[in-house]
Protein chains: 2
Amino acid sequence: MKNRKAHLEARARVLKAMAHPTRLFIIEELDKQERCVCDLTSMIGVDVSTVSKHLSVLKQAGLVQDDKRGNQVFYSLRAPCILNFFGFVEGVLENGTKEHAAYL
Amino acid sequence: MKNRKAHLEARARVLKAMAHPTRLFIIEELDKQERCVCDLTSMIGVDVSTVSKHLSVLKQAGLVQDDKRGNQVFYSLRAPCILNFFGFVEGVLENGTKEHAAYL
DNA sequence: TTTCTATTTGGCTAAAATGCCAAATAGCCA
DNA sequence: TGGCTATTTGGCATTTTAGCCAAATAGAAA
């Protein structure tokens with residue numbers, strides 16, 4: 001059993017890992033299919049090292065897993081249903097309060 | 001219709017607003033009942049100005065709303081169901097993949 | 001082995017986030 | 001008005017992020 005503070009910190013860590021446009025993009029793509037770093041890099045258009053670091057953040061948060069095959073590393077979502085989750089975020093943005101209920 | 005990049009950025013903004021232990025605490029408390037800044041401050045134990053700034057972050061993200069009454073400002077959740085949402089985060093932390101399905 | 005491709009890590013700079021204190025605002029009550 | 005209480009804002013120091021380049025690693029193929 002964790003205390004409340006630890007819980008909050010743990011939750012915040014996961015949310016923080018998701019809270020970046022590039023990492024959200026990666027999550028969306030991995031929801032469709034696993035991808036190697038170079039695939040993601042060419043889709044995103046930033047330096048490979050940057051993508052690698054984003055993947056490392058996601059992995060450390062427990063959101064993705066990696067599988068080395070040959071000289072490539074394939075990443076995939078550990079929780080494929082992560083995306084259902086975003087409908088909510090959308091609701092907040094588009095604003096009314098009623099919409100949210102539909103998502104949850 | 002927004003393009004994909006704008007969507008990702010918008011989602012990231014909301015997630016980022018939630019990605020802090022103190023702000024998650026505030027969200028949990030506001031889910032129970034509205035609170036004025038001084039209530040939250042005494043519960044949290046950091047400087048009032050810090051709490052005020054956290055609330056401002058949450059408000060700008062569209063997560064909370066404020067209501068000034070007398071010389072106090074009461075904050076409340078705009079989307080009271082936000083918390084259902086956390087079961088998922090918990091699942092990621094505790095790790096298996098199957099658990100997640102239950103939350104979503 | 002040498003070379004080439006894929007990925008990660010280290011180093012660095014610039015930008016953003018935290019949190020404190022002090023000062024400014026706003027509303028209440030004597 | 002004057003003094004309180006509640007809240008926000010500005011300024012500042014410290015820490016964390018993000019992203020690039022260069023160097024290190026790992027595996028594949030010549």
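Below, chains carry the letters A, B, ... as their sequence lines are ordered, and counting in each starts from 1. Because the structure is predicted, anything quoted here is derived from the model rather than measured.
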Handout entry: ring-ring contact (aromatic ring centres under 6.0 Å, His included): pairs with one or both residues in residues 32-63 of chain A, sequence neighbours excluded
Key = A/H20-A/H54
Completion exercise
Of A/F74 and A/K16, the one whose nearest nucleotide on DNA chain C sits closer to the 5' end is A/F74
Handout entry: Close side-chain approach of A/R4 to B/F25, heavy-atom, < 4.5 Å
Key = yes
Practice task
Find out whether A/K16 and A/R13 are in side-chain contact, i.e. whether some heavy atom of one side chain is under 4.5 Å from a heavy atom of the other.
Solution key: no
Completion exercise
Walking DNA chain D from its 5' end, the first of B/S56 and A/V46 to be reached, judged by nearest nucleotide, is B/S56
Handout entry: 5' priority, DNA chain D, between A/N71 and A/V57 [closest heavy atom]
Key = A/V57
Using whole Å, what does the distance between atom [atom2] of nucleotide [N] and atom [atom1] of [X] come to?
X	N	atom1	atom2	value
B/R13	C/dA16	CZ	C1'	15 Å
B/D66	C/dG27	CG	P	13 Å
B/L15	C/dA17	CG	C1'	16 Å
A/E9	C/dT18	CD	C1'	14 Å

Practice task
May I ask you to say what B/R69 touches in the nucleic acid, namely base, sugar-phosphate or nothing, with a heavy-atom cut-off under 4.0 Å?
Solution key: nothing
Problem - Distance-minimising heavy-atom pair for A/I27 and A/M18 - result: CD1-CG, 4.2 Å
Side-chain donor-acceptor pairs of residues 38-45 of chain A under 3.5 Å, sequence neighbours excluded:
residue	atom	partner	partner atom	Å
A/T41	OG1	A/V37	O	2.8
A/S42	OG	A/D39	O	2.9

Polar pairs (N or O, both sides) under 3.5 Å between protein and nucleotides 10-14 of chain C?
residue	atom	partner	partner atom	Å
C/dG10	O6	A/K53	NZ	3.0
C/dG11	O6	A/K53	NZ	2.8

Practice task
Would you grab the first and last nucleotide of DNA chain D (5' to 3') that comes under 4.0 Å of any non-hydrogen atom in chain B?
Solution key: D/dT5 to D/dG11
Practice task
Check B/L63, B/L58, B/L30, B/V51 against B/Y75 for a side chain to side chain contact (heavy atoms under 4.5 Å, CB included) and give me the one that passes.
Solution key: B/L30
Exercise for the section: For the pair A/R23 (side chain) and A/A17 (backbone), establish whether a donor and an acceptor sit closer than 3.5 Å, ignoring hydrogens and angles. Expected result: yes
Handout entry: Note: A/D67-A/R69 ion pair, threshold 4.0 Å (strictly below)
Key = yes
Handout entry: Contacting residues from residues 34-44 of chain B, given that a heavy atom lies under 4.0 angstrom of DNA chain D
Key = B/C36, B/V37, B/C38
Exercise for the section: Determine whether more than 12 heavy atoms belonging to other residues, nucleotides or ligands lie under 6.0 Å from atom CD of B/Q60. Expected result: no
Handout entry: B/E28 and A/R11: CA distance, side-chain angles, deciding distance, salt bridge (Lys or Arg N to Asp or Glu O under 4.0 Å) verdict
Key = CA-CA 12 Å; B/E28 281 189 358; A/R11 287 168 166 176; 2.5 Å; yes
Completion exercise
Residue pairs passing the salt bridge (Lys or Arg N to Asp or Glu O under 4.0 Å) test with at least one member in residues 42-55 of chain B, sequence neighbours excluded, are none
